[in-house]
Amino acid sequence: MMYPAGPGSGDSPEGFPEQPRLQPQIGNCTAQTLDAFFPCRKNALLAKSSSSQVEGDFAMAPRGPDQEECEGLLQQWQEVENLEEPCPEVLGEEALPEVEGPMWAAVPMQSGPQYADCAVLSMGALAAEQWEEDPAVVAWSIAPEPMPQEEAPIWPFEGLGQLQPPPMEIPYHEILWREWEDFSTQPDAQGLEAGDGPQFQFTLMSYNILAQDLMQQSSELYLHCHPDILNWNYRFANLMQEFQHWDPDILCLQEVQEDHYWEQLEPSLRMMGFTCFYKRRTGCKTDGCAVCYKPTRFRLLCASPVEYFRPGLELLNRDNVGLVLLLQPLVPEGLGQVSVAPLCVANTHVLYNPRRGDVKLAQMAILLAEVDKVARLSDGSHCPIILCGDLNSVPDSPLYNFIRDGELQYHGMPAWKVSGQEDFSHQLYQRKLQAPLWPSSLGITDCCQYVTSCHPKRSERRKYSRDFLLRFHFCNIACQRPAGLVLMEGVTDAKPERPAGWAESLLEEGTSEPEPVFPRTIGTIQHCLHLTSAYTHFLPQHGLPEVTTMPLGLGTTVDYIFFSADSCENGNGTDHRLYQDGTLKLLGRLSLLSEEILWAANGLPNPFCSSDHLCLLASFGMEVTAP
């Protein structure tokens, strides 16, 4: 597969690392596989048919009462294609009979050796003879040379207008080209370049690789794909080629089928130098999440699998999981006595159901609580964090904003609005979120922290007398008149007066501040991890939305890489927070694609991309400090 040079690229002319090429086991499918790479010119006209699904071998014929018209048109088609220079006299030699209804439709073609596998051009057959390797592998490294294009004739078919012949082949290597965006020399919010000072640099990939079981259970979503490119052996070879080419230091995978993981993925990734951790979904599910890292770059400090299922709790009765690892970067010996902070990596696949935003929020709260526990340092701060995965939520949705901004007021919000995947506002009954979102028995606070992590032990808590607590009736908040309070003489017109020596008495009780800490607004959840997205969700060249997946042909973003960043003042007056590089700096990322580009490549999956998601890849740098 042709990719631009990026992290892990070798010195080969096509940007590949010098590694042995994997051979996918596809079986006897030479003509059918070439069908996926070299679509026939006639196939474009099949789309004009009133039928939405076309199966088998077809030819174009007018909708007429007898089969002779079909055979006559087929003969005329052959004559047009065999002409070196199309002649208007020949094209208009015989007028087509006028018939009622749509002029053209796809009809079954008469069987014959010259028309078998009509989707394979003669050029494809010639390529099959010349290529000794499996075409599925050759497609990764060999781009078909462009054929000299003559001026295309205009086909004057009545009712079709001016129709141009479709291209000879789809240039996947050009359509799906992804640029590497380098930020290593760009100044941050403080005007400092990302490359200032020594850094520990690494790359991280997040990828939903589409479990084969899930694909077969939802086969109606993949009717646009040739069966051969959905074969697991073909897809596995493509995925491994992609891993080898980009060569990330950390690999976070979702929808990893358990038997495929243990039998193929884990052994192959181990041969590539990865140490892998896997967590299968609970219940009877056959897929899960995996986090792989290179032990030459990191040392494992701890690994925490996260299960969102809670027996007896309707809010958390789903089988989704997550995985949190704490890794210690290994600094080269040449840098001397230096140290790098640990790195916390979290990977998850959140519930898909667009109607159950309450479940998504609860699952995310559990993951954030685990990340808070794993990443918390002895001084109460957090080490650098990367949170990635398939969150099944679109950019600027309430769930996305909660992760980025650290706060969400959810009380009364329709559950479908949390993820922003679909609009159910037209429905009469809508599930709305109520406070509290989850019961206290879950052991997680509204700050997305475990209760044992955010509260001191009972023996260390301060003990206050009843009289001391009653004095908080006279704190500043209690003495302020609410703006919407109705004035009632003798009831709401009086202002409480503080007793003499009120503040001094509080200080004598052992607290340094007379003001109590009041709870937040009911129906609000928070976290203090300061995360921001590695992607902007809009393509910089055209301003079009970035796309990570295309369910039912509609492009959207649901996959993310969030990382630790320090928030700073927002000077432009918008509600979005701005971030500056902290101990974790974004050095580069692999650009995403637009919906239009993926449409041109027949959506996802396709012969180049063997998942219904695009991979996300980012490069980071961590500060190296003296001990």
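- Between the side chain of K360 and the backbone N or O of L351, at least one donor-acceptor pair lies under 3.5 Å.
- R355 is linked by a salt bridge (charged side-chain N to carboxylate O under 4.0 Å, His left out) to nothing, counting only residues two or more places apart in sequence or in another chain.
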Quiz: residues 260-267 side-chain donor-acceptor pairs under 3.5 angstrom, not counting sequence neighbours:
residue, atom, partner, partner atom, Å
Q264, OE1, W232, NE1, 2.6
E266, OE1, R270, NH2, 2.7
E266, OE2, R270, NE, 3.1

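- Under the 3.5 Å distance criterion, with hydrogens and angles disregarded, no donor-acceptor pair is assigned to the side chains of Q541 and S591.
- Between R235 and D228 there is no salt bridge, since none of the side-chain N atoms of the basic residue sits less than 4.0 Å from a carboxylate O of the acidic one.
- In terms of the salt bridge (charged side-chain N to carboxylate O under 4.0 Å, His left out) criterion, D259 has no residue partners (sequence neighbours excluded).
- For the atom pair CD (E422) and CG (L554), the distance works out to 9.5 Å, reported to the nearest 0.5 Å.
- The distance from atom OG of S619 to atom CG of L590, rounded to the nearest 0.5 Å, is 11.5 Å.
- You'll find the side chain of V321 stays beyond 4.5 Å of the side chain of H349, heavy atoms only.
- A distance of 5.0 Å separates CG in L343 from CD1 in I250, rounded to the nearest 0.5 Å.
- For P398, the side chain to side chain contact (heavy atoms under 4.5 Å, CB included) partners at least two apart in sequence or on another chain are L408, M413, K417.
- Ion pairing between R281 and D287 holds under the 4.0 Å rule for side-chain N and carboxylate O.
- The backbone N or O of M215 lies less than 3.5 Å from no partner atom in the side chain of S218, so there is not a single donor-acceptor pair.
- If you check the side chains of E242 and Y207, you find a donor sitting under 3.5 Å from an acceptor.
- In this structure, OG on S304 lies 4.5 Å from CD on E370, to the nearest 0.5 angstrom.
- The minimum heavy-atom distance between I561 and S206, with the atom names listed, is CG1-CB, 4.1 Å.
- Remark: the backbone N or O of L391 is paired with a side-chain donor or acceptor of S393 at under 3.5 angstrom.
- The main-chain N or O of D249 is found under 3.5 Å from a side-chain atom of T203 such that the two form a donor-acceptor pair.
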**OP:** Report the C-alpha separation of K294 and T275 in whole Å, then their side-chain angles, then the decisive distance to 0.1 Å, and conclude whether the side-chain contact (heavy atoms from CB on, under 4.5 Å) test is met.
**Re:** CA-CA 6 Å; K294 290 189 174 180; T275 297; over 6 Å; no

**OP:** Output, in order, the C-alpha distance, side-chain angles, deciding distance and verdict of side-chain hydrogen bond (donor to acceptor under 3.5 Å, both in side chains) for D372 and H382.
**Re:** CA-CA 7 Å; D372 174 83; H382 295 92; 2.7 Å; yes

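- Separating the CG atom in L598 from the CD1 atom in I175 is a distance of 10.0 Å, to the nearest 0.5 Å.
- Smallest separation of non-hydrogen atoms from M622 and P342: CE-O, 4.0 Å.
- Side-chain atoms of L230 and P605, non-hydrogen and from C-beta on, do get closer than 4.5 Å to each other.
- V624 meets the side chain to side chain contact (heavy atoms under 4.5 Å, CB included) test with P198, F200, V338, V340; sequence neighbours excluded.
- Residues M272 and F243 are in side-chain contact: their nearest non-hydrogen atoms beyond the backbone lie under 4.5 Å apart.
- With Y222 contributing its side chain and P227 its backbone, the two residues share no donor-acceptor pair below 3.5 Å.
- The aromatic ring centroids of Y400 and F562 lie less than 6.0 Å from each other.
- Residues Y560 and H537 place their aromatic rings such that the two centres sit under 6.0 Å apart.
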**OP:** Kindly determine whether C225 and N606 satisfy side-chain contact (heavy atoms from CB on, under 4.5 Å), including the steps that lead there.
**Re:** CA-CA 7 Å; C225 301; N606 56 53; over 6 Å; no

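- Closest approach of L539 to L592, counting heavy atoms only: CD2-O, 3.3 Å.
- L584 CG to F202 CZ: the interatomic distance, rounded to the nearest 0.5 Å, is 5.0 Å.
- Listed by first and then second residue, the salt bridge (charged side-chain N to carboxylate O under 4.0 Å, His left out) pairs that reach into residues 539-552 come to none, sequence neighbours excluded.
- F563 has its side chain within reach of L586: a pair of non-hydrogen atoms, C-beta onward, lies under 4.5 Å apart.
- Not a single ring pair (Phe, Tyr, Trp, His ring centres under 6.0 Å) links H224 to another residue, sequence neighbours left out.
- With ring centers used as reference points, F274 lies 6.0 Å or more from Y293.
- Within the structure, salt bridge (charged side-chain N to carboxylate O under 4.0 Å, His left out) pairs that include any residue of residues 587-598 comprise E181-R589 (at least two apart or interchain).
- Legend: residues meeting side chain to side chain contact (heavy atoms under 4.5 Å, CB included) with S268, ordered by chain and number and at least two apart, are F236, M240.
- H527 contributes no side-chain N or O that, together with a main-chain N or O of L368, makes up a donor-acceptor pair within less than 3.5 Å.
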**OP:** Start with the C-alpha gap between Q199 and F620, add the side-chain angles, then the distance that decides, and say whether side-chain contact (heavy atoms from CB on, under 4.5 Å) holds.
**Re:** CA-CA 9 Å; Q199 289 183 330; F620 296 95; over 6 Å; no

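- A donor-acceptor pair under 3.5 Å is absent between the side-chain atoms of T532 and the main chain of R404, judged by distance alone.
- A donor-acceptor pair shorter than 3.5 Å cannot be found between the side chains of S419 and Y352.
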**OP:** Please step through side-chain contact (heavy atoms from CB on, under 4.5 Å) for the pair L593 and V547, ending with a clear verdict.
**Re:** CA-CA 6 Å; L593 302 174; V547 168; 5.9 Å; no

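- Distance alone, capped at 3.5 Å, places no donor-acceptor pair between the Y308 side chain and the V359 backbone.
- For the side-chain hydrogen bond (donor to acceptor under 3.5 Å, both in side chains) with N208, the qualifying choice from T549, D390, T548 is D390, the only one to do so.
- A 4.5 Å side-chain heavy-atom check between I403 and L529 finds every atom pair outside the cut-off.
- For D559, there are no salt bridge (charged side-chain N to carboxylate O under 4.0 Å, His left out) partners two or more places apart in sequence or in a different chain.
- Checking D213 against T286 by side-chain atom types alone, a donor-acceptor pair falls below 3.5 Å.
- In terms of heavy-atom proximity, L330 sits nearest to P295 at CD1-O, 3.3 Å.
- Looking at residues two or more places apart in sequence or on another chain, you find a salt bridge (charged side-chain N to carboxylate O under 4.0 Å, His left out) between E307 and K279.
- Here the options are I386, V306, V324, I366, the test is side chain to side chain contact (heavy atoms under 4.5 Å, CB included), and the partner is V371; only V324 passes.
- The stretch residues 318-327 participates, sequence neighbours left out, in these side-chain hydrogen bond (donor to acceptor under 3.5 Å, both in side chains) pairs: T282-D319, K285-D319, N320-Q363.
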